[in-house]
Structures are given as C-alpha cells and as structure tokens.
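Because the structure is a prediction, the values reported are computed rather than measured.
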Amino acid sequence: MQVGRCLALVLGGLLVAGCSNETPPSSPSVAWGPCPADVVEAGPRGDQARCGVLRVPHDHASPDGPTLDVAVSVLPATGVRRGALVVNPGGPGSAGLDYGVEKAAKMPDAVTAAYDVVGFDPRGTGRSAGIGCGPAGGLFDHPAPDPVALGPAGLTARGAALAADCAAAVGPARADLGTAATARDMDLLRSALGEPRLSFLGVSYGTWLGASYATLFPAHVGRMVLDSTVGPEDWTAFGHEQARAMLAARDAWFSFTAGRWGVDAGAVVTAYAAARGSLPVGALGPAEFDAVVYRTLSRTERWAPFADALAALRAGDPAPLDALRVPDDGSERSRQAANRATVCADSPLPSASRVGADVADLLTAWPPPVLTGLETLPCPSWSPPREPVRFGSSARVLFTQAGLDPTTPLAGARRMQGRFPGSPMVLDPDARSHGLFASQRNPCVDSAVARFLVDGTLPPETAC
C-alpha cells in the first residue's frame with residue numbers, strides 16, 4: 001500500500017500479510033501457524049500463541065474486489081473455554097498482533113481461563129498492509145519547528161504538506177482505511193473464529209472501534225468492554241477537548257513536581273517555560289519537548305521520570321529528556337501514517353478555518369500549550385471519507401474509565417455512554433492514568449470487568 005493498493009509483507013517466513021487480488025472466501029477462515037518473535041516475546045505464554053491471516057475486502061461495498069490480509073494472533077484459554085475475546089490497544093494506527101499476549105498477562109486469571117485472547121493488526125497497520133506517508137510533511141524532521149511559533153496558519157500548512165505526502169505515497173488505498181472498515185473486518189474475524197457474537201475489549205481508540213462495531217452489528221455483540229473511551233463527536237472536537245484536558249493534567253504535574261523538587265508550583269512553571277525556550281539542542285527542540293509532555297501526562301508513572309529529566313535539562317544535560325522520546329523507527333512512522341489516515345477517514349472533514357480556530361484558542365494558554373495531539377491538521381486537505389463512523393445502538397456494553405484521564409476525558413466518555421442506553425460505567429473517579437482495566441491494578445475495577453466477561457453479570461453504575 002505504498003503506491004497503488006498493495007504492499008506484501010513477509011514476517012520471518014512464518015506469516016504473510018498484505019494485499020491480494022484474490023476473491024475473499026465465502027466463509028471467512030484463518031489458517032493458524034507459528035507466530036513471529038515479537039508476539040512470542042510479548043508475554044510469559046507467548047510460546048503458546050498461534051498466528052495467521054484473515055482475508056478481507058479492500059472495500060466492503062465491493063466484496064468480490066481486491067483483498068488484503070489482516071494479521072491475527074490467538075492465545076488459547078487456560079481453562080474451560082467459553083469463547084474468544086478480541087482485543088485492541090488503541091491508536092488509531094497501533095498494531096495489535098502482539099497485544100493479545102501482552103494484555104492477557106495482565107488480566108485476571110478467570111478471564112484468561114475462559115477466553116482465547118485474540119489480537120490483530122487493523123488494516124493499514126503493522127503486518128496488515130501497514131502504510132507509510134513518505135516524507136510525511138516533515139513530521140520526522142528533527143528538531144521540528146516550534147508549533148507555538150508556527151501559529152494556526154503554519155500548523156495547517158504543515159498539515160496540508162502531510163496530506164499531500166500521504167496522497168502520493170498511499171494513493172487510492174487511503175479510501176480503504178477508517179474505523180468502519182476495520183469494524184467490518186472484525187465481523188469477518190468473528191465469523192472466522194466460529195463465534196456467534198463478538199466479545200471484545202477495546203482501549204482508547206479501541207473504544208471507537210468497539211462502539212462502531214456495536215452500531216453496525218448490534219445483534220452480533222457479545223460481552224464488550226470499552227476502556228478509556230473517546231467521545232462520540234468527530235476527531236477535531238475530540239482533539240480540542242483532549243488538549244484542554246492535557247493542560248489541566250499539566251497543572252497537576254506542576255504541583256507534583258513542586259513537591260518532588262521542594263519548591264512552589266510557580267517555580268516549576270517558570271522552569272518549564274524557560275527549559276522549553278532554551279531549545280533546540282541537537283535534535284531536541286520545543287516540538288519534541290511537547291511530544292514528551294503529551295506522552296508523560298497520559299500515565300502518572302511517567303511523571304517522576306519527566307520531572308527528573310526537566311531538572312537535568314535545566315542543569316544543561318538534555319540526554320535524560322531525549323531518552324524519553326518515542327524512537328522514530330519504521331514502526332512509529334507507520335503508526336503515525338495510519339493514525340492520520342484513519343482519523344481523516346472517520347468523520348466529515350473539518351475546514352481549515354475550524355482547525356485554525358481551535359489552535360488559536362489553545363494558544364491563549366500559558367505556559368505554551370501542548371499541541372501534539374491535534375491529529376486532524378491534515379484533514380482539511382484529505383479526500384472525503386468513504387464511510388464516516390457512526391455511534392449508537394441498543395447493544396449493552398460495559399464502560400470503564402479513569403475520572404481524571406486527560407487522554408480520553410470523562411466528559412466525552414459519558415457522551416459516548418449516552419449513545420448506548422442501559423450500558424453502565426465502572427469509574428475510578430480519582431485515577432489520572434489512561435487505561436484502567438488490567439492496567440492500574442484496581443481490584444474493584446478488575447473484578448467487576450472479570451465477572452462481566454466470565455459470567456455475563458453486567459454491573460450497575462459503579463464508582464470504585
């Protein structure tokens with residue numbers, strides 16, 4: 001899927017996932033075989049996992065047309081099996097072939113005893129014809145321009161450059177990406193697994209995927225858990241709400257760091273702004289600094305390392321901060337490309353003036369705002385979506401949420417909950433980290449979700 005519609009990917013001679021011109025089988029199936037090393041090494045039972053590919057149409061409206069192969073993994077249940085639990089780690093753009101093994105290691109034993117845990121790379125990611133955007137509008141040039149200095153016009157211009165590079169590199173296959181298409185792939189996966197209903201755990205963007213599936217296939221929904229839920233509005237609205245929540249979380253981090261440094265919060269604010277203003281140093285500039293901040297604020301276990309790295313930067317040593325950056329390797333570049341492609345394929349495309357107005361609003365914040373999460377910047381220059389995502393059905397699902405999660409704010413999660421009447425939420429009101437079930441070691445949350453998955457007991461609205 002670099003140019004035209006297909007990119008074949010070979011995985012260590014064990015698994016081939018990519019594109020094909022063959023007709024999809026009338027009855028979906030997966031031929032299971034050995035898994036690649038990264039899946040085997042993802043958790044203590046990785047050597048028990050099996051992997052294969054599921055052939056799906058590029059365009060579900062043309063089921064007899066060109067196909068692509070979706071990479072799938074399965075980790076068998078350890079006890080009396082009740083079915084398969086499909087999992088997705090979020091993104092959009094994140095691969096998930098190894099996630100089943102990784103997440104199973106953190107789940108309550110009762111869940112992994114009852115379920116085969118199934119991971120997969122959504123179309124356009126990882127080994128499922130993972131895409132790339134070539135130069136990507138300079139997204140991976142370091143140090144990148146300071147997003148605050150660029151302002152609304154400069155940022156939208158960079159977004160247009162990214163869109164142009166994606167159009168040149170991916171070509172017409174951009175139209176084949178999007179959450180609704182992946183949800184339709186999941187229904188073929190459900191059938192291939194022999195499951196009359198889909199049991200599913202989606203985290204972060206995975207909640208959009210699960211909610212889309214429940215909207216398209218309400219009669220096929222089994223036991224579905226949506227953890228750390230994205231609001232139901234378009235991605236542009238979500239990005240602005242998230243950016244504001246990140247600023248509130250950063251205020252909390254200022255207070256945390258003040259305690260760690262033994263100073264008042266105002267001194268940390270001053271140090272933060274001064275450190276950011278002292279960049280770039282080598283490949284580390286203000287944009288890279290902001291990206292570290294964005295990642296830090298999503299998980300409280302990252303707060304102390306960032307506080308210490310900021311102290312080192314103030315003392316003239318940028319190395320600890322640079323070490324916190326996500327490496328710009330091939331998988332990260334593919335993830336970023338698939339992220340933008342999915343976001344822009346999901347909902348009506350925003351105007352450049354709307355995106356610019358959101359940026360202008362955020363620029364009123366001080367210290368400088370965290371603009372990293374505004375992923376719809378390329379969308380005004382994108383091609384129209386093939387199937388915009390929709391939400392809302394009679395299916396009853398279980399929501400879990402950290403009350404102070406800045407990555408997927410509670411207000412948006414509540415709005416999505418409202419689209420699924422009768423679906424309760426298990427809430428940890430004081431938690432700040434993104435990702436709750438089998439992640440934050442909250443016994444109240446984990447036991448409630450495990451009972452639902454294993455016994456089908458949907459809990460009442462619960463505060464843990």
Report summary line: Taken to the nearest 0.5 Å, the spacing of D59 CG from R184 CZ works out to 10.0 Å

Report task. State whether a side-chain donor-acceptor pair under 3.5 Å links T300 with S433. Result -> yes

Query raised in the report: Are any side-chain N or O atoms of S191 and backbone N or O atoms of D187, one a donor and one an acceptor, separated by less than 3.5 Å?
Result: no

Query raised in the report: How long is the gap from NE2 on H220 to CE on M186, to the nearest 0.5 Å?
Result: 12.5 Å

Report task. Indicate yes or no for a side-chain donor-acceptor contact from D165 to the backbone of C133 under 3.5 Å, with no hydrogens or angles considered. Result -> no

Requested in this report: Kindly indicate whether the side chain of D358, heavy atoms from C-beta on, has any atom under 4.5 Å from the side chain of P152.
Outcome: no

**Report entry** From CA spacing to verdict: salt bridge (charged side-chain N to carboxylate O under 4.0 Å, His left out), D176, R123
**Finding:** CA-CA 9 Å; D176 299 324; R123 58 170 57 208; 5.1 Å; no

Query raised in the report: Nearest heavy-atom pair of C344 and P378: which atoms, and what distance?
Result: SG-C, 4.2 Å

Query raised in the report: Which is it for D290 and R276 under the salt bridge (charged side-chain N to carboxylate O under 4.0 Å, His left out) test, yes or no, and what are the steps along the way?
Result: CA-CA 8 Å; D290 289 352; R276 189 183 184 281; 2.8 Å; yes

Requested in this report: Say whether, by atom type as modelled, one donor and one acceptor occur between the side chain of Q401 and the main chain of T408 under 3.5 angstrom.
Outcome: yes

Query raised in the report: Under a 4.5 Å cut-off applied to non-hydrogen side-chain atoms, are F391 and E233 in contact?
Result: no

Query - Side-chain H-bond candidate by donor/acceptor type, T182 with D185, under 3.5 Å - result: no

Query raised in the report: Between A338 and T125, which heavy-atom pair has the shortest distance, and what is it?
Result: CB-CG2, 3.9 Å

Requested in this report: Please determine, by modelled atom types, if S212 and W208 share a side-chain donor-acceptor pair under 3.5 angstrom.
Outcome: no

Report task. Could you check L189 against V118 for side chain to side chain contact (heavy atoms under 4.5 Å, CB included), going step by step and ending with a plain yes or no? Result -> CA-CA 10 Å; L189 177 58; V118 178; 4.3 Å; yes

**Report entry** Contact summary for M224 and A214, nearest pair of heavy atoms
**Finding:** SD-CB, 4.2 Å

**Report entry** Of all pairs that satisfy side-chain hydrogen bond (donor to acceptor under 3.5 Å, both in side chains), the ones with a partner from residues 321-331, not counting sequence neighbours
**Finding:** H142-D328, D322-R325, D329-S331

Query raised in the report: Is a side-chain donor or acceptor of R197 paired with a backbone partner of G222 at a separation under 3.5 angstrom?
Result: no

Report task. Step by step, work out the side chain to side chain contact (heavy atoms under 4.5 Å, CB included) result for L177 and I131. Result -> CA-CA 10 Å; L177 303 176; I131 68 168; 3.8 Å; yes

Query raised in the report: Would you call V87 and L85 a side-chain contact if the rule is heavy atoms closer than 4.5 Å?
Result: yes

Query raised in the report: Using 4.0 Å as the upper bound for N to carboxylate O, is an ion pair formed by R441 and D446?
Result: no

Query raised in the report: Are side-chain N/O atoms of Q417 and E461 paired as donor and acceptor at under 3.5 Å?
Result: yes

Query raised in the report: Any side-chain donor-acceptor pair under 3.5 Å between T179 and D346?
Result: yes

**Report entry** Side-chain H-bond candidate by donor/acceptor type, T67 with H58, under 3.5 Å
**Finding:** no

Query raised in the report: So, for G403 and L410, which heavy atoms are closest and what is the spacing to 0.1 Å?
Result: O-CB, 3.7 Å

Query raised in the report: How are the rings of F217 and Y213 set to each other: parallel, tilted or perpendicular (split at 30° and 60°)?
Result: tilted

**Report entry** Of L349, L374, T156, the residue whose pairing with V355 passes side chain to side chain contact (heavy atoms under 4.5 Å, CB included)
**Finding:** T156

**Report entry** Residues E241, R244; criterion salt bridge (charged side-chain N to carboxylate O under 4.0 Å, His left out); working and verdict
**Finding:** CA-CA 5 Å; E241 183 173 48; R244 281 292 178 186; over 6 Å; no

**Report entry** Note, M425 side chain near T400 side chain (heavy atom, < 4.5 Å)
**Finding:** no

Report task. Determine, using ring centers only, whether F238 and W235 are less than 6.0 Å apart. Result -> yes

Query - Value rounded to 0.5 Å, distance of OG in S393 from CG in L216 - result: 9.5 Å

**Report entry** Exam field: side chain R396 to backbone S423, donor-acceptor pair closer than 3.5 Å
**Finding:** no

Query raised in the report: With a 4.5 Å heavy-atom cut-off, do F200 and R190 have their side chains touching?
Result: no

Requested in this report: Output yes when R354 and D234 qualify as a salt bridge under the 4.0 Å nitrogen-oxygen rule, no when they do not.
Outcome: yes

Report task. Enter the distance from D227:CG to N88:CG here, rounded to the nearest 0.5 Å. Result -> 11.5 Å

Report task. Give a yes or no answer on whether the side chain of S128 reaches the backbone of G124 with a donor-acceptor pair at less than 3.5 Å. Result -> no

Query raised in the report: Can you check whether P443's main-chain N or O pairs, donor with acceptor, with S447's side chain at less than 3.5 Å?
Result: yes

Query - Gap between atom CZ of R295 and atom CZ of R302 - 0.5 Å precision - result: 4.0 Å

Query raised in the report: Can you tell me if S439 and R299 form a side-chain donor-acceptor pair at under 3.5 Å?
Result: yes

Query - Chi angles and distances behind the side chain to side chain contact (heavy atoms under 4.5 Å, CB included) call for V72, L193 - result: CA-CA 11 Å; V72 184; L193 294 170; 5.6 Å; no

Side chains of residues 93-105: which donor-acceptor pairs under 3.5 Å do they make with residues two or more places apart or in other chains?
residue : atom : partner : partner atom : Å
K103    : NZ   : F437    : O            : 2.9
K103    : NZ   : A438    : O            : 3.4

Report task. Could you check if a side-chain atom of P424 sits within less than 4.5 angstrom of a side-chain atom of P460, using non-hydrogen atoms only? Result -> no

**Report entry** Donor on one side chain, acceptor on other, R250 and Y272, under 3.5 Å
**Finding:** yes

**Report entry** S204 vs H434, side chain to side chain contact (heavy atoms under 4.5 Å, CB included): CA-CA, chis, key distance, verdict
**Finding:** CA-CA 8 Å; S204 193; H434 184 55; 2.8 Å; yes

Query raised in the report: If only atom types and distance count, is the side chain of E288 paired as donor or acceptor with the main-chain N or O of A144 below 3.5 Å?
Result: yes

Query raised in the report: Do the side chains of D405 and R432 get nearer than 4.5 Å, heavy atoms only?
Result: no

Query raised in the report: Side-chain contact, heavy-atom cut-off 4.5 Å: L226 with L398?
Result: no

Report summary line: From the list L324, L310, L284, side chain to side chain contact (heavy atoms under 4.5 Å, CB included) with V292 holds only for L324

Query - T207 to S228 - nearest heavy-atom pair and separation - result: CG2-O, 3.7 Å

Query raised in the report: Which heavy atom of P388 sits nearest a heavy atom of S347, and at what distance?
Result: CB-CA, 4.4 Å

**Report entry** Interatomic spacing from CZ in F120 to CG in L54 - rounded to 0.5 Å
**Finding:** 10.0 Å

